[in-house]
Amino acid sequence: MAFQSEEIFARLNEALDAFEPAERQELIKQVNGVFEFQIKKDTSPNTEVKIWHAEVKNQGVIRAGPAPGNPDITMFLTDSDMVALAVGDLSGARAFITDRIGLKGPMMMAMKLDVIFRSLGMGPPKGAEGDLGYDGFESSFLILQIHEYLQVLSEEERKAEVAKVKGVFLFNVKNSKGATAVWMMDMKHGIGQMKKGKIEGLKPDITLELKDKDFVDLFMGKTNGQKAFMTGKIKVKGAIMLALKLDTMMKDTQEKIGFFGQKQAKL
């Protein structure tokens, strides 16, 4: 029985081939990575494995076989989960958090898989997940990751997180083009929530203004939160102590979802 993924990759490649040069270059600019997909036929031991790669760094091509050179990210998953990702029945963020995808490489690159799917007319629909994202903002991937992490927690676990943080956060993030993305995170009421824009009737306890790149660097651990505040990379208005709780929450999230290390899929 053939891999269902074969049809998925054929459709992706067909859509990519139909791109105008400017469209292809825009996708390459957004993704800037080489993906290798090692796909198991099923979860049984010694099952057949097929490999495809997507080179979205220079030429923009999708082909069967291993990636040329060293891929930026290698993904290990089953044939059925690859299909679910492509048709939008499973989001990349949820698949990573629930260990349905194994990773070798940076999670930030893996999160861009949805960008490839959407650009080629596949992937998750513009629903609850899409409502959190802004085009042209790397930090959209981080916000989605935090949102999906909250979604997979039990109600009691979410209440425990809210009890630890006890704050409402407003993020005003600017990208390199001068556009602004706004998110509000309520970790003070109920089971917590993340929303694109402001939550009606809710006043933030702390407002953070920062650049898109600095937000990513902060989450990735490349920038120390206290140092970023002292050097003016982050402007804070409101309860400054909540900024420390945010830093702790981000580190906890990173550790629990394996953001920096390799993740083994539970296949």
Side-chain angles (χ1 to χ4, degrees), residues 27 30-31 84-98 100-101 106-153 155 157-158 161-162 165 167-177 179-220 234 242 246-247 249-250 252-254 256-259:
L27 178 60
Q30 287 186 59
V31 177
L85 284 170
V87 302
D89 289 341
L90 175 67
S91 77
R94 183 172 293 272
F96 304 142
I97 292 170
T98 56
R100 290 173 66 174
I101 295 181
M107 173 105 42
M108 273 297 292
M109 180 59 67
M111 292 292 290
K112 293 183 178 181
L113 181 60
D114 281 348
V115 174
I116 297 175
F117 285 146
R118 284 202 178 102
S119 296
L120 299 176
M122 302 180 76
K126 289 288 186 179
E129 178 182 330
D131 288 344
L132 282 172
Y134 288 87
D135 291 336
F137 283 83
E138 290 279 318
S139 44
S140 288
F141 298 107
L142 307 181
I143 293 295
L144 176 58
Q145 195 74 11
I146 295 171
H147 167 76
E148 288 285 1
Y149 171 65
L150 289 174
Q151 295 301 307
V152 299
L153 293 178
E155 184 173 329
E157 288 173 326
R158 290 182 68 165
E161 289 287 335
V162 169
V165 180
V168 178
F169 299 78
L170 181 65
F171 302 96
N172 292 323
V173 183
K174 282 192 175 183
N175 66 8
S176 58
K177 296 181 180 180
T180 301
V182 178
W183 290 281
M184 182 172 272
M185 181 171 68
D186 178 9
M187 294 298 290
K188 190 175 185 178
H189 306 94
I191 59 174
Q193 64 172 310
M194 180 75 75
K195 182 176 175 61
K196 181 179 179 179
K198 297 181 180 180
I199 300 174
E200 187 175 352
L202 201 58
K203 182 179 179 181
D205 296 304
I206 182 170
T207 299
L208 297 99
E209 295 185 0
L210 66 166
K211 294 180 180 179
D212 186 42
K213 182 181 182 304
D214 291 333
F215 194 6
V216 172
D217 287 347
L218 183 65
F219 193 90
M220 296 292 289
I234 300 178
L242 280 175
L246 175 64
D247 191 48
M249 180 183 175
M250 288 197 298
D252 287 345
T253 304
Q254 294 159 359
K256 290 173 182 175
I257 65 178
F259 201 91

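- Exactly one of Asn172, Leu170, Leu246 qualifies for a side chain to side chain contact (heavy atoms under 4.5 Å, CB included) with Leu208. That residue is Leu246.
- Atom-to-atom distance recorded for Leu150:CG and Glu161:CD is 7.0 Å, nearest 0.5 angstrom.
- How far CG of Leu142 is from CD1 of Ile146: 6.5 Å, rounded to the nearest 0.5 Å.
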Does the side chain to side chain contact (heavy atoms under 4.5 Å, CB included) test come out yes or no for Leu85 and Ile101, once each step is laid out? CA-CA 10 Å; Leu85 284 170; Ile101 295 181; 3.6 Å; yes

Donor-acceptor contacts under 3.5 Å from residues 182-190 side chains, at least two apart:
unit_1 : atom_1 : unit_2 : atom_2 : d
Trp183 : NE1    : Leu132 : O      : 2.7
Asp186 : OD1    : Lys188 : N      : 2.9
Asp186 : OD1    : His189 : N      : 3.2
Asp186 : OD1    : His189 : ND1    : 3.1
Asp186 : OD2    : His189 : ND1    : 3.2
Lys188 : NZ     : Asp205 : OD1    : 3.2
Lys188 : NZ     : Asp205 : OD2    : 3.3

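- Residues satisfying the side-chain hydrogen bond (donor to acceptor under 3.5 Å, both in side chains) criterion with Glu157, sequence neighbours excluded, are Ser154.
- Inter-residue side-chain proximity for Val173 and Leu210 is flagged as met; some heavy-atom pair is nearer than 4.5 Å.
- Checked against side chain to side chain contact (heavy atoms under 4.5 Å, CB included), Glu200 has no partners two or more places apart in sequence or in another chain.
- Salt bridge Glu138/Lys211: absent, no basic N to carboxylate O contact under 4.0 Å.
- When every heavy atom of Ser119 is checked against every heavy atom of Leu27, the shortest pair comes out as OG-CD1, 3.4 Å.
- Val31 has its side chain within reach of Ile116: a pair of non-hydrogen atoms, C-beta onward, lies under 4.5 Å apart.
- Asp217 is linked by a salt bridge (charged side-chain N to carboxylate O under 4.0 Å, His left out) to Lys213, counting only residues two or more places apart in sequence or in another chain.
- Applying the salt bridge (charged side-chain N to carboxylate O under 4.0 Å, His left out) test to Lys195 and every residue at least two apart in sequence or in another chain returns nothing.
- In this structure, Asn175 contributes its side chain and Phe137 its backbone to no donor-acceptor pair below 3.5 Å.
- Listed here is the closest heavy atom pair of Glu155 and Ile191: CG-CG2, 3.7 Å.
- Panel note: side chain Ser140, backbone Tyr134; a donor-acceptor pair is recorded below 3.5 Å.
- Listed by chain and number, the residues in a ring pair (Phe, Tyr, Trp, His ring centres under 6.0 Å) with Phe169 amount to none (sequence neighbours excluded).
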